[in-house]
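All remarks here apply to the structure that follows.
Throughout, numbering of the chain's residues begins at 1 and tracks the sequence. Predicted model, so just to flag it, every value in this text is computed and none were measured. Because only heavy atoms are used, hydrogens play no part in the values below, and waters and symmetry mates are left out as well, while side chains stay in.
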Amino acid sequence: MRHLLATWPLLLGMGLLMLGAGLQGTLLGLRATLENFPTPVIGVVMAAYYVGYIGGSLGAPHLMQRVGHIRVFAALTAVASVAILVQAVLVSPIVWTALRMTSGFCFAGVYVVAESWLNDRADNHNRGALLSVYMVVLYVGLTGGQFLLNAADPAGPLLFLLTSVLISIAVVPMTLSVQRAPEFSTSHKLGLHDLYRISPMGVVGVVVSGMLTGALFSMGPVYARLIGFAAPDVAAFMGVSVFAAVLTQLPIGRFSDRTDRRSVLIAVCILAALFAALAAMFGASSRAVLFVLAAAFGGIVLTLYSLSLSHINDHLQPSQMVSASASAILMNGAGATVGPIVIAVSMNAFGPPAYFAGMAALVGALGLYTLWRKTRRPSVPEEQKAPFVSAQPQAASGQMVAEVAAAGAEERT
């Protein structure tokens with residue numbers, strides 16, 4: 001409780017930021033459909049965020065070393081706030097693509113600063129609990145942002161202004177609470193090839209989970225709009241999809257700590273593929289059925305990254321885990337860049353049901369691959385397993401990338 005009281009400004013600031021982030025993603029996808037952007041073009045526009053995210057994760061540590069983390073946080077937040085305002089004025093696929101990339105870069109840098117603050121205040125006895133609370137705040141904020149879509153007409157500028165205000169005001173509690181710069185620790189370097197050799201299944205799971213997560217957040221609002229939902233229904237559809245993950249992350253993760261994690265991954269893939277297939281076939285028949293299936297699918301599929309990363313950690317030494325997490329974030333971001341485009345092209349070719357059908361195919365393929373990998377290697381003994389890592393990659397792992405980038409800079413100097 002003492003540490004929670006000490007970190008409440010950080011949690012409040014990130015909650016406000018997630019309200020803006022949740023509203024921004026859904027608003028842009030919905031507004032793009034109202035402006036009659038072609039569905040594949042919408043996929044490219046929305047995927048640009050993750051390209052910027054990768055760049056921001058790598059670039060922010062160098063900026064922090066030069067001017068300090070407080071200035072970097074304030075500058076990136078200001079740029080992100082301006083970017084959404086410009087999108088309200090210049091409605092163009094090319095402009096929006098560039099600005100989405102800018103937003104991704106800025107948000108990644110903000111996450112790096114926020115998480116380094118949190119890690120700097122935590123210790124080994126409370127780090128897991130603080131990160132769990134942090135994850136809950138992020139998911140609750142993202143969920144609340146969906147419902148802010150009901151505050152005004154998405155065809156007008158007010159929701160863009162509201163997003164800008166939320167992003168800007170998040171600066172206040174966080175900048176006032178930060179007193180010293182965090183320290184970046186040097187970790188054992190682990191390349192992508194080495195990581196794949198150590199845990200092929202974990203690496204594939206991280207990439208596919210990125211494709212699924214990117215498609216869910218980017219193309220979910222587009223799907224809802226294309227099947228005829230008004231703005232309040234789009235908000236509810238996205239809200240239930242995201243909020244379900246708050247309820248499923250830790251129970252599934254704790255269960256995976258007590259059994260072969262690959263078996264849990266297979267079960268998660270089967271359930272997610274089943275819910276997605278049912279949504280593709282029957283979702284249009286009933287709004288209530290669609291919402292239940294969307295919540296079930298979102299709650300299940302958003303655990304894949306945490307399960308995959310935890311499986312990778314099961315095969316690593318403690319000194320390798322930070323570097324492995326950084327590599328996982330980059331691979332997940334690459335997957336999140338491709339996922340929205342793949343689903344958008346599928347929807348353009350086969351109609352809105354291809355949103356869930358494409359997701360079912362992706363998660364089903366991951367389940368088959370995991371089943372095959374289970375025949376190739378014995379399970380990790382329970383006493384050797386690493387603790388479950390609860391994480392949402394595009395909103396909670398920038399610090400891992402920052403530590404490795406800073407370590408690389410130290411080595412070069």
To the nearest 0.5 Å, how far apart are CD1 in Ile270 and CG in Leu368? 8.5 Å
Of Ile167, Ile169, Val72, which meets side chain to side chain contact (heavy atoms under 4.5 Å, CB included) against Thr77? Ile167
Holding to side-chain hydrogen bond (donor to acceptor under 3.5 Å, both in side chains), I want the full list of residues that pass it with Arg225, two or more places apart in sequence or in another chain. none
Please answer whether the main-chain N or O of Leu30 pairs with a side-chain N or O of Thr33 as donor and acceptor at a distance below 3.5 Å. yes
Roughly how far apart are Leu212 CG and Asn332 CG, rounded to 0.5 Å? 10.0 Å
If we ignore hydrogens and angles and just use 3.5 Å, is the side chain of Thr303 paired with the main-chain N or O of Gly299 as donor and acceptor? no
Sequence neighbours excluded, which residues qualify as side-chain contact (heavy atoms from CB on, under 4.5 Å) partners of Ser168? Ser81, Ser164
Looking at Phe243, I want to see if its CZ is surrounded by more than 12 non-hydrogen atoms of other residues, nucleotides or ligands under 6.0 Å. no
Are Phe237 and Tyr223, when compared by the centres of their aromatic rings, separated by less than 6.0 Å? yes
Contacts of Arg100 meeting salt bridge (Lys or Arg N to Asp or Glu O under 4.0 Å) (sequence neighbours excluded), chain-then-number -> none
Donor-acceptor contact present, side-chain Thr213 to main-chain Gly210, <3.5 Å: no
Any side-chain donor-acceptor pair under 3.5 Å between Gln146 and Thr26? yes
Verdict with supporting geometry, Phe217 and Val242, side-chain contact (heavy atoms from CB on, under 4.5 Å): CA-CA 9 Å; Phe217 281 102; Val242 177; 3.7 Å; yes
Is it the case that the side chain of Trp96 and the backbone of Leu28 share a donor-acceptor pair, with hydrogens and angles ignored and the cut-off at 3.5 Å? no
Heavy-atom pair with the smallest gap, counting every atom of Ser209 and Leu304: CB-CB, 3.8 Å
